[in-house]
Amino acid sequence: MDYVDLNYTPSENDLLSCIRVKAKNLMKVANEIAAESSIGTWTKVQTMKSDVYEKLRPKVYEIEEIGEEGESKVGIIKIAYPLDAFEIENMPGTLAGIAGNIFGMKIVDGLRILDYRFPEKFVKAYRGPRYGIDGIRKLLKVEERPLLGTIVKPKVGLKTDEFAEVAYNAWIGGCDIVKDDENLVSQSFNKFEDRIFKVLELRDKAEEETGEKKIYMPNITAPYREMIKRAELAEDAGSEYVMLDVVVLGFSAVQQFREEDFKFVIHAHRAMHAAITRSKDWGITMLTLAKIYRLLGVDQLHIGTVVGKMEGERAEVCAIRDEIVLDKVEKDDKNKFFDQDWFGMNNVFPVASGGVYPKLVPEIIEILGKDVIIQAGGGIHGHPEGTVKGAIAMRAAIDAVMEGKSLEEKAEEVKELKVALEHWK
Ligand SMILES: O=C(O)[C@@](O)(COP(=O)(O)O)[C@H](O)[C@H](O)COP(=O)(O)O
Ligand SMILES: [Mg+2]
């Protein structure tokens, strides 16, 4: 058990990992996971140097058995990795070790990474978000209320002009933000190079007519070099934002994009995350991914709504919010397994999206607070009277909360909200 040292006290400089494991023998599997995720393999090797072994060997410093499932024991293990084992500025390289082969080992019946604690030196090796919540509020000139966004629906299929008109209607109705859907890229019926100019032209028109700052989030997700070309187009067209499907793009592309010289606010969509985050026995928690994306420098990130169509319990979604919003996070041993200091790194604006409609707005704000971007696609374009009225209804729902009124009271003032409350009981 070379890698197990239950008397070890982690140092401030260690990268810490907390893992839920299922296995016949927790001690043995903890030892194997520590080995396989660092300098070891299935057998002793004659090529091992004592200094390598001493300096770079991680230590399993906690093993807590929490239950049994069939013949397997279930436990929470914590491993402390010395930073010298990593090229700390290289996120994909780091994850290849601490979140790589270990998932494939026969000896584990379940392995889920619950949380990482990134020490100061590691955190400071990353740029983090360029804007953070304050920077985005300044840009949109919205001081306190939640921001309102929409996703143009149908997801794909509208021609460029049709798409731009829907965007314009959403802005006129009161949306701050209009975004592409995660799978709208540059299909033949709506080419990116056409859409970006057409939509921003109508954005400008909507700004003039409403006197409000309006934002378009174009999805530039594509193979890297093509993504850069689209970012340059967005820059030329006058976009302050871009949207990245961060999970399908990969950690390398997201890290590299943040290190380019663009000044965009980066909106991170997490399509495919649930393939990694949803199973309670396997994978990596969304909280852990969210911490990684904060380091990599996204400014906005989808975290769930609790009350909408996507999976995500209240405690977990609130824990994720804490990790991306707060500067000093305290552990709760339920979703947050380490105290995490972000050493002044900018925070990330949480995005609540997925099956949202006006009736859910008060609950979302009660759960996540006012520093949230509330997005509705179907909940706006599905309004019986169309997009403009749908946006008016969602905006009124947010205003009701800010004014301390019930939705029903507000619906007496704003008939579009009344229609929406009737339609989506
Ligand atoms: O395609 C959709 O489903 C959405 O555009 C929402 O549309 P609706 O408002 O019409 O539901 C978003 O992609 C989801 O919110 C993503 O999920 P999450 O935010 O959980 O990552
Ligand atoms: Mg979508």
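These values consider heavy atoms only, across backbone and side chains, with no hydrogens, waters or symmetry-generated copies. Whatever order the structure lists ligands and atoms in, that order sets their numbers, starting from 1.
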Side chains of [X] and [Y]: do they bring a donor and an acceptor to under 3.5 Å?
X      : Y      : result
Thr221 : Asn219 : yes
Asn101 : Glu36  : yes
Thr288 : Asp115 : no
Tyr131 : Arg137 : no
Asp299 : Tyr241 : no

Quick check on contacts: which atoms of ligand 1 are under 4.0 angstrom from a heavy atom of [X]?
X      : answer
Ala376 : 9 (O)
Ser353 : 6 (C), 12 (C), 14 (C), 15 (O), 19 (O)
Gly355 : 8 (P), 9 (O), 11 (O)
Gly378 : 8 (P), 9 (O), 10 (O)

Nearest option to [atom], as decided by whichever heavy atom of [options] sits closest:
atom                    : options                        : value
atom 13 (O) of ligand 1 : Lys309, Glu311, His269, Gln375 : His269
atom 19 (O) of ligand 1 : His302, His381, Met310         : His302
atom 7 (O) of ligand 1  : His273, Arg270, Lys153         : Lys153

Note to self: Would Leu16 and Lys78 count as a side-chain contact (heavy atoms from CB on, under 4.5 Å) here? Give the steps.
What the structure shows: CA-CA 7 Å; Leu16 305 180; Lys78 290 186 177 172; over 6 Å; no

Check: How close does the nearest protein non-hydrogen atom get to atom 1 (O) of ligand 1, and which residue and atom is it?
Finding: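 Ranking protein heavy atoms by distance from atom 1 (O) of ligand 1, first comes Lys155 NZ, 2.5 Å.
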
Notebook entry, point to check: Got an N/O contact under 3.5 Å between Gly377 and ligand 1?
Noted result: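 Yes.
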
Note to self: For ligand 1 and Lys179, I'd like to know whether there is a polar contact (N/O to N/O, distance under 3.5 Å).
What the structure shows: no

Next item on the list: Tell me which part of Asp181 gets within contact of ligand 1: side chain, backbone, both or neither, using heavy atoms under 4.0 Å.
Entry: side chain

Notebook entry, point to check: Tell me, which N, O or S atom in Glu182 is closest to the Mg ion (ligand 2)?
Noted result: OE1

Note to self: I'd like the atom name of the N/O/S atom in Asp181 lying closest to the Mg ion (ligand 2).
What the structure shows: OD1

Notebook entry, point to check: Which class fits the ring pair His267 and His302: parallel under 30°, tilted 30 to 60°, perpendicular over 60°?
Noted result: perpendicular

Item checked: Phe257/Phe262 aromatic ring centres below 6.0 Å -> yes

Check: Phe163 ring centre to Arg195 NZ or CZ under 6.0 Å, with the angle to the axis within 45°?
Finding: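 Yes, a cation-pi geometry holds between Arg195 and Phe163.
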
